[in-house]
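Notes follow once the structure below has been shown.
Keep in mind that this is a model prediction, so the values were computed, not measured.
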Amino acid sequence: MSTLGRNDNCWCGSGKKYKKCHWSEDQKLAAERAKAEQRQQERLTAMGSPSDGEMRTMYQTMTGRPAPQGPLPADARNAITEYWQMERLTAQSLETLEPERAQWSAYFTEHPEEFDQLATQLAANPRFENHVLTDENSALVRERLGSLPETPEALHPYATEAIAMTLDEEDRTSFRSVVLSLLPDLLEQGKLKEAYVVVTCAERIVESDAPLSAFLEDVVVRSLS
């Protein structure tokens with residue numbers, strides 16, 4: 001969409017020029033995304049950074065290799081710092097939400113359809129656009145399960161089997177962190193319902209025997225569409 005000119009046909013297939021169709025909406029969404037990313041970066045910066053000792057310990061944990069002698073490479077330091085900051089921001093957000101969780105658990109027990117609706121909406125966040133199965137895993141799913149089902153009734157069991165076959169514990173843990181990155185913005189906006197849904201879905205992601213979350217189902221759809 002970013003390559004479309006205002007006078008090009010709209011990406012939605014309406015036949016209208018982009019400026020007469022989705023241009024304004026896309027500009028608004030892009031501005032909102034930029035603001036959210038800026039707020040997120042400000043929060044991460046406020047977390048500070050790990051000590052050199054913490055970095056070296058994390059380097060070994062994340063790579064499985066001892067940290068090299070001398071200063072760590074800049075790209076490694078940046079990646080470790082970003083992970084360290086996000087982990088602390090997530091912990092802070094989870095602590096903030098904790099007193100509300102029992103209330104929202106009771107609420108969604110009575111309104112399960114609303115939970116599913118919110119989860120589906122949140123899973124469509126542009127932040128997840130690049131999270132897809134590898135080409136190898138996508139091919140494996142197609143080979144064993146066939147093409148992506150066209151009906152919602154068939155999609156859920158298909159996606160459940162696809163995820164079980166392709167994502168290991170490390171994949172799930174990594175994606176859980178990505179999903180939880182929505183939490184600070186939701187709490188800042190006072191969207192406690194949505195925050196509860198995000199946390200619950202994030203927990204389901206790492207539990208292979210839990211019901212498939214909308215976030216993982218969306219990964220399958222993006223990968224195979």
Arg6 (side chain) donor-acceptor with Trp23 (main chain) under 3.5 angstrom
no
Result block: side-chain N/O donor-acceptor pairs under 3.5 angstrom for residues 146-163, not counting sequence neighbours:
from   : atom 1 : to     : atom 2 : distance (Å)
Thr151 : OG1    : Ala154 : N      : 3.4
His156 : ND1    : Glu217 : OE1    : 3.0
Tyr158 : OH     : Gly146 : O      : 2.7
Thr160 : OG1    : His156 : O      : 2.9

Would you say Thr45's side chain and Gln41's backbone share a donor-acceptor pair under 3.5 angstrom?
yes
Shared hydrophobic cluster, Phe128 / Leu133 (ILVMFWY, side-chain heavy atoms < 4.5 Å)
yes
Of all residues at least two apart in sequence or in a different chain, which pass the side chain to side chain contact (heavy atoms under 4.5 Å, CB included) check with Asp52?
Arg56, Arg77
Nearest-0.5 Å distance, CZ of residue Arg127 to CG of residue Leu182
5.5 Å
Sorted by chain and residue number, the side chain to side chain contact (heavy atoms under 4.5 Å, CB included) partners of Asn7 (sequence neighbours excluded) come out as Lys17, Lys19
For Gln60 and Pro66, which heavy atoms make the closest approach, and how far apart are they?
OE1-CA, 3.9 Å
Taking all atoms of both residues into account, what is the closest heavy-atom pair of Ser223 and Arg142, and its distance?
O-NH2, 3.8 Å
Same cluster or not: are Leu89 and Leu180 linked, directly or through other Ile, Leu, Val, Met, Phe, Trp or Tyr residues, by side-chain heavy atoms under 4.5 angstrom apart?
no
Chi angles and distances behind the side-chain contact (heavy atoms from CB on, under 4.5 Å) call for Leu72, Ile80
CA-CA 10 Å; Leu72 293 176; Ile80 291 169; 4.3 Å; yes
Around atom CD of Glu42, are there more than 12 heavy atoms of other residues, nucleotides or ligands at under 6.0 Å?
yes
Closest non-hydrogen atom pair between Ala214 and Ala123, with its separation
O-CB, 3.8 Å
Above 12 or not: heavy atoms from other molecules or residues under 6.0 Å from CG of Asn130?
no
All side chain to side chain contact (heavy atoms under 4.5 Å, CB included) counterparts of Thr81, not counting sequence neighbours:
Ser49, Pro50, Met55, Gln85
Rounded to the nearest 0.5 Å, the OG1 atom of Thr96 sits from the CG atom of Leu187 at a distance of 6.0 Å
Listed pairs under 3.5 Å, donor-acceptor, residues 194-202 side chains, sequence neighbours left out:
from   : atom 1 : to     : atom 2 : distance (Å)
Thr200 : OG1    : Tyr196 : O      : 2.9

Using the ring-ring contact (aromatic ring centres under 6.0 Å, His included) rule, collect all pairs that involve residues 52-101, keeping only residues at least two apart or in two chains.
none
Set of residues satisfying side chain to side chain contact (heavy atoms under 4.5 Å, CB included) with respect to Glu25, sequence neighbours excluded:
His22, Leu29
To the nearest 0.5 angstrom, please state how far the CD1 atom of Ile205 sits from the CZ atom of Phe215.
6.5 Å
Does Ser181 use its side chain to pair, donor to acceptor, with the backbone of Val178 at less than 3.5 Å?
yes
Taking all heavy atoms of Arg222 and all of Val132, pick out the closest pair and write down the distance.
CB-CG1, 4.0 Å
Mind checking whether Phe175 and Met165 sit in one hydrophobic cluster, side chains of I, L, V, M, F, W, Y counted as touching below 4.5 Å?
yes
So among Tyr107, Phe108, Phe115, which one has a ring pair (Phe, Tyr, Trp, His ring centres under 6.0 Å) with His111?
Tyr107
Salt bridge (charged side-chain N to carboxylate O under 4.0 Å, His left out) against Glu203, all qualifying residues, sequence neighbours excluded:
Arg101
Could you pull out all residues at least two apart from Arg176 that satisfy side-chain hydrogen bond (donor to acceptor under 3.5 Å, both in side chains)?
none
Reported CG-to-CG distance for the pair Asp218 and Leu122, which is rounded to 0.5 angstrom:
11.0 Å
I want to check something: taking the side chain as every heavy atom from C-beta on, are Leu212 and Val220 in contact at a cut-off of under 4.5 Å?
no
Can you measure from CD (Glu110) to OG (Ser105) and round to the nearest 0.5 angstrom?
10.5 Å
Would you say CD of Glu170 has more than 12 non-hydrogen atoms from neighbouring residues, nucleotides or ligands within 6.0 angstrom?
no
Using salt bridge (charged side-chain N to carboxylate O under 4.0 Å, His left out) as the criterion, list what pairs up with Arg39, not counting sequence neighbours.
Asp185, Glu188
Contact check, side chains of Thr120 and Gln117, non-hydrogen atoms, under 4.5 Å
no
For Thr134, does its backbone N or O pair with a side-chain atom of Asn137 as donor and acceptor, under 3.5 Å?
no
How long is the straight-line distance from NZ of Lys193 back to CD of Gln103, given to the nearest 0.5 Å?
10.0 Å
Is there a path of hydrophobic side-chain contacts, each under 4.5 Å between heavy atoms, that joins Leu118 and Leu216?
yes
Compare all side-chain heavy atoms of Asp26 with those of Trp11 and state whether any distance is below 4.5 angstrom.
yes
Among all residues two or more places apart in sequence or in another chain, which pass the salt bridge (charged side-chain N to carboxylate O under 4.0 Å, His left out) test with Arg204?
none
Closest heavy-atom pair and its distance - Glu87, Ser177:
OE2-OG, 3.7 Å
Can you name the residues that form a salt bridge (charged side-chain N to carboxylate O under 4.0 Å, His left out) with Asp171, not counting sequence neighbours?
none
Within a reach of under 6.0 Å around CD of Glu136, are more than 12 heavy atoms found that belong to other residues, nucleotides or ligands?
no
